[in-house]
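Numbered from 1 within each chain, the chains take letters A, B, ... in sequence-line order.
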Amino acid sequence: MDNYIEKLNEQQKKAVLAEDGPILILAGAGSGKTSVLTSRIAYLVREKGVYSSSILAITFTNKAAKEMKARVEKLLDDMGIYFPWIGTFHSMCVKMLRMSCEVALNYTSSFVIYDSDDQKILIKDCIKELNINDKMYPPRMISHHISSAKNELISPKEFEGKYKDDFQMETISTIYSLYQKKLVSNNAMDFDDLIFNTVKMLETNKEVREFFQNKFRHVLIDEYQDTNTAQYKLAEIIAKKNNNIFVVGDDDQSIYGWRGANIQNILNFEYDFKGCEVIKLEQNYRSTSNILNAANHVIKNNTNRKGKELWTDKGDGNKIKFYKAYNGPNEALFVAAEIKKQVENNIDYDEIAVLYRTNAQSRDIEIALANKDIPFRVYGSLSFYSRKEVKDVLAYLKLILNHNDDLQFKRIINEPKRGIGKTTLQKIEQIVIDEGLSFYEVAKNAKDYYILHSPKEKLMSFVNMIEKLTTFSMNNTLEELYEEVLNVTKIMEIYKKEGTIESRSRIENIKELKSAVVSFEEDFIEENGQGPKLENFIASCTLATDQDNTKEQKQVTIMTLHAAKGLEFKMVFITGMEEGLFPSMQSYESETKLEEERRLCYVGITRAKEMLYLLNTKERTIYGKTQSYPDSRFLQEIPEQLMDNNIKRKAFANNSFAAYKGNTGISIKRGGKAIEIAGFKAVKGEALDVIKGDRVLHKKFGEGTIKKVTGKGDEQVIEVDFDMAGFKRLMASYTKLKKL
DNA sequence: ACGCTTCCAGTTTTT
DNA sequence: CTGGAAGCGT
C-alpha cells in the first residue's frame, strides 16, 4: 500500500487528518475532494483503529459510489473482509429498511421501489378514483407537491393540517393520503419514501435508532450542498450520538434546488453542528487558469455564497473561444467541424463533451455529429430502465415477487395482448374497491364473480402462468427465471414478428437486460457468497440510471449541464448561451433561481480542462417558433482578455445565411427525428463488400437497399436508398453499416 | 379491444 | 415542432 497521505496538499492533509467531531470541507470544483474522502476513510481505519463496518459514506450517484468503493477497496486492500457502507442515500436507506422496517414500519422487508413512472401512474389512479378533474390537478403538479412534502418530512396528516383553508391544497392532500395508502397496500415505496421512511423508522423506534447510531461511528457525506431536508435529518439522527460527521461540498455547485435540495444545509452547517471545523480546498488540479478565471468571474456575481476563489499552478492555457452561429443547426455544425479538427490534433472523442441547458437542444447536435461520422453518446434522454419493453419484463418479475402489486398487474395483464381490455379491468376494479382485495386476488377467483363470467378463462390462465413462474422462481436462478418469463410470455417472438427498426431495438434492450441479470447475479454471488433474491435484483434496477453505464468507448459525450456535474473533459462546448435559454426564462422570476442558473454555468465552465467553447445563435427555433435572444449575461461576466477575440470576430463575419446554407446536409429524418438503434454495432469495413441489391442497416439512416457500387478500395463509393432517410452516396471506407 | 387521428402542453431530474 | 394521451371509429 502506497502512502496515500503524502500525495495530498496541505489543505487536503488537514482535512484527512482532522480530529473527530463535525467537519465541513468546502471543496471547489476539481480540488480533489474524492481523494480527500477516500483518504479520510483509509486514515480512520488504518491509523485510528476504526472498524470499517462502523463507517457510513454517502454519495449522490451510483457512479460516485462505485468510484469511491473502488478507491477505498484499494486503500484497505490488506485490512480484512469487513468493508464500510458506501452508497447513495437511496441505496443505503434500502439496506437499512430491509434490515429493520418489519419491526418499525408497516412494511415487509421485501418491499418494492416505485420509480417516477410508476409514481405517475399511481397518482393518476388516485385522481381517477377520487373523481377529481385532472385538468385542474395535473399528475405532474401533484407529484411535485407530494415529493416536496416528503422531502420536507411532511406526512399526509401534517399536510392536511398545514393547508386547512386552502381548497386546492386540501384536494392535493386527499390525493396524497390515498396515494400513500395505495403504496403501503402494495408494499411499495417511491424514491422519496426511501429517505422519509428511514427517518420515520429511526425517529419512532428507539431500538432501531440506537442500533444504527451505535453502528455508524463515522458518517461521511459527499456533495453535501445537494442534500434536502429529509436527507439532512437522516444524517443528523445517525450522527447525533457520536457527532462524527464529515461533509464535503461546494455551495457554488448547488444546482438541484428545484428538486428540493436545500443550499442552507451547507451554508448553515457551522451553526447546526457546534464546534465544527471548516476547511477550504481551493487549489484546482483540473483546468488551466484562463478557464478557472472565467469560472471565478462568473460565480462572484452571486451573493448567497460562502466565498471561495479557486487557483491553479497550471499555465494560462488556451483562451476561451466564442462563436455566434446563425441558428441551432449552424451552431451544431460548428461544434462538429471543430471536433473533427481537434481530433486530427490528437484529442480522443471521449475527451470531448457538448453541453446544453435543455434536452430539446440535443437534436441538432446529434444530427450534425452523425453527419460527420463522429461517434457520440447522448446521456439522459430516455434511460434504459424506462423503456417500455424493459419495464414490461421487469413488471413480470415484480408481479412474481409480489402478487398484490396492482400497478404491475395492470401494466402486463394485456401485454402482450391477451384480449383483456378496459372493460374487464373496470369490472375487476369495482370488485377491488368493494371488497378490499388486490387485482390479482380477484383475477384468481374470477369464477366466483358473475360479472367476470366471460373473461374468466383468460384471467385464470394469466394467474396460472404467474403462479407457475412464482414456483419456478423459488427453485431456479435469476437467469433461468428471466429466460422462463420470456418463454412463457413470448414477448421476443412478438417483437421479432413485427420486424421494424423499433422492435429490433426492443429486442436488443431485452437482451441487454438479460446481461444485466447475469452480471448482477455473478457480482452478487462474489460479494455475498450466495445467489441474490429476486428483490435484490429488482431494487438494483430501480435505483440504477443511465449515467451508471460507463462504457469505455471512444465517443463524444452529449448531455445537459446538470448531468455533467462531477465529470471532466479536455474539451467542452457549452451551447445555447442565450438569455431566456440559459439563464432560462423561468429563472427570471427570482434572484434565487438566477443564482442557481449561474451556479450551473459555473459547473459547466469548470468541466473543461484545456479548451472551452461558448456558443450561441442569432436566432433559435424552439417549439416551432423562431426568435432572437440576446447574449447570455454569463458571457458578459467573463472578462474580454480571457476570450479569443480573433475567433470572435471571425465568427461574426462567418455569420451569413449563405455560409450556413452551403453547409447543410441535414438528412437523418423520420419526421425530423434521428433514428437510433440501441445496442446495434455497426462495423467499419462491411461497406466495402456489398453488392447491388444488398439490404443494409446503418446506425443512423436505418435500413436501405444498395443501388450502385463504384470504385475500388478507399475510392469505393456506395449509393444507398434508405427507407427512411432517402438516397445517400457514401464513401465505403468511412461508412459503418451492417449487411442484413 | 384495438388502431388511427386529433389535440394539447412543453426546464433542469444524481434516485 | 414534438410526444403523449384522449377520443373516435371499426
Side-chain angles (χ1 to χ4, degrees), chain A residues 58-66 87-94 113-117 119-120 124 134-135 138-141 143-144 147 150-151 189-195 222-223 225-228 230-231 253-261 328 355-361 363-364 379-383 385-386 388 414 417-426 454-455 458 539-548 559-567 576 580-587 593 596-597 599-600 603-604 620-626 669-674:
Chain A
I58 302 174
T59 64
F60 268 78
T61 62
N62 291 310
K63 201 174 166 189
K66 210 166 149 187
T88 61
F89 265 107
H90 297 266
S91 66
M92 294 296 93
C93 284
V94 171
I113 305 163
Y114 279 1
D115 65 20
S116 23
D117 290 344
Q119 185 186 38
K120 224 170 116 199
K124 274 189 193 161
D134 64 351
K135 288 277 160 348
R140 242 182 94 88
M141 179 260 259
S143 76
H144 174 252
S147 179
K150 288 182 180 177
N151 288 162
M189 299 190 196
D190 64 21
F191 286 138
D192 302 314
D193 280 337
L194 295 175
I195 319 284
D222 192 11
E223 306 277 16
Q225 77 281 355
D226 290 330
T227 50
N228 61 36
Q231 288 160 337
Q253 290 188 68
S254 167
I255 54 173
Y256 286 101
W258 49 273
R259 247 180 123 260
L355 311 179
Y356 38 75
R357 179 66 243 260
T358 66
N359 277 129
Q361 287 165 257
R363 176 144 305 158
D364 288 339
Y379 283 81
S381 40
L382 185 59
S383 111
Y385 287 99
S386 54
K388 181 188 178 296
N414 204 28
K417 302 273 178 288
R418 297 186 179 89
I420 301 171
K422 258 206 311 260
T423 325
T424 306
L425 228 43
Q426 268 164 9
S454 58
K458 290 169 183 164
S540 96
C541 288
T542 315
L543 295 175
T545 63
D546 248 18
Q547 317 280 322
D548 308 335
M559 54 168 56
T560 61
L561 286 150
H562 285 268
K565 199 171 84 176
L567 305 176
L581 229 198
F582 186 35
S584 76
M585 203 77 87
Q586 28 287 300
S587 67
K593 289 192 173 176
E596 183 154 313
E597 294 285 303
R599 292 193 289 270
L600 190 57
V603 167
R620 188 175 293 275
T621 309
I622 306 169
Y623 303 141
K625 271 194 194 133
T626 303
K669 283 200 177 165
R670 186 183 57 177
K673 186 182 186 267

- [ ] Look at the side chain of A:R363 and decide which nucleotide, out of B:dT13, B:dT11, C:dT2, has an atom nearest to it.
- [x] C:dT2

TODO: Answer yes or no: does a side-chain N or O of A:N359 lie under 4.0 Å from OP1 or OP2 of B:dG10?
DONE: no

TODO: Check the distance between C:dA5's P and A:K388's NZ and give it to me in whole angstrom.
DONE: 12 Å

Open item on the list: Strictly below 4.0 Å: does A:T59 bring a side-chain N or O up to OP1 or OP2 of B:dT14?
Closed with: no

- [ ] Would you indicate, yes or no, if B:dT12 has its OP1 or OP2 atom less than 4.0 angstrom from a side-chain nitrogen or oxygen of A:S584?
- [x] no

Open item on the list: Output the rounded distance in Å from OH (A:Y356) to P (B:dT11).
Closed with: 14 Å

- [ ] Could you check A:K124 against A:K422 and say which one's nearest nucleotide on DNA chain C is further toward the 5' end?
- [x] A:K124

Open item on the list: Using the side-chain heavy atoms of A:K565, tell me which of these nucleotides is nearest: B:dT11, B:dT14, B:dA1.
Closed with: B:dT14

- [ ] Answer yes or no as to whether B:dT13 has its base stacked against A:W258, where stacking requires a ring-centre separation under 5.5 angstrom and planes under 30 degrees apart.
- [x] no

N/O contacts under 3.5 Å, protein versus nucleotides 3-8 of chain B?
none

Open item on the list: With a 4.0 Å limit, can you tell me whether A:T424 has a side-chain N or O closer than that to the phosphate oxygens OP1/OP2 of B:dA1?
Closed with: yes

Open item on the list: Could you work out, with side chain to side chain donor-acceptor pair (under 3.5 Å) as the rule, every residue matching A:Y356, not counting sequence neighbours?
Closed with: none

Open item on the list: Restricting to side chain to side chain donor-acceptor pair (under 3.5 Å), what partner residues turn up for A:S147, sequence neighbours left out?
Closed with: A:D192

Open item on the list: Tell me which one of A:L600, A:T61, A:V603 satisfies side-chain contact (heavy atoms from CB on, under 4.5 Å) with A:K565.
Closed with: A:V603

- [ ] For A:R357 and B:dT12, give me the distance from atom CZ to atom P, rounded to whole Å.
- [x] 7 Å

Task: Distance below 4.0 Å between A:Y623 side-chain N/O and B:dT11 OP1 or OP2 - done: yes

Open item on the list: Just so I know, are the side chains of A:Q586 and A:K593 near enough to count as touching, which here means a heavy-atom distance under 4.5 Å?
Closed with: no

TODO: Kindly determine whether A:T358 and A:Q361 satisfy side-chain hydrogen bond (donor to acceptor under 3.5 Å, both in side chains), including the steps that lead there.
DONE: CA-CA 6 Å; A:T358 66; A:Q361 287 165 257; 3.0 Å; yes

Open item on the list: Under 3.5 Å, is there a donor on one side chain and an acceptor on the other for A:Q119 and A:S116?
Closed with: no

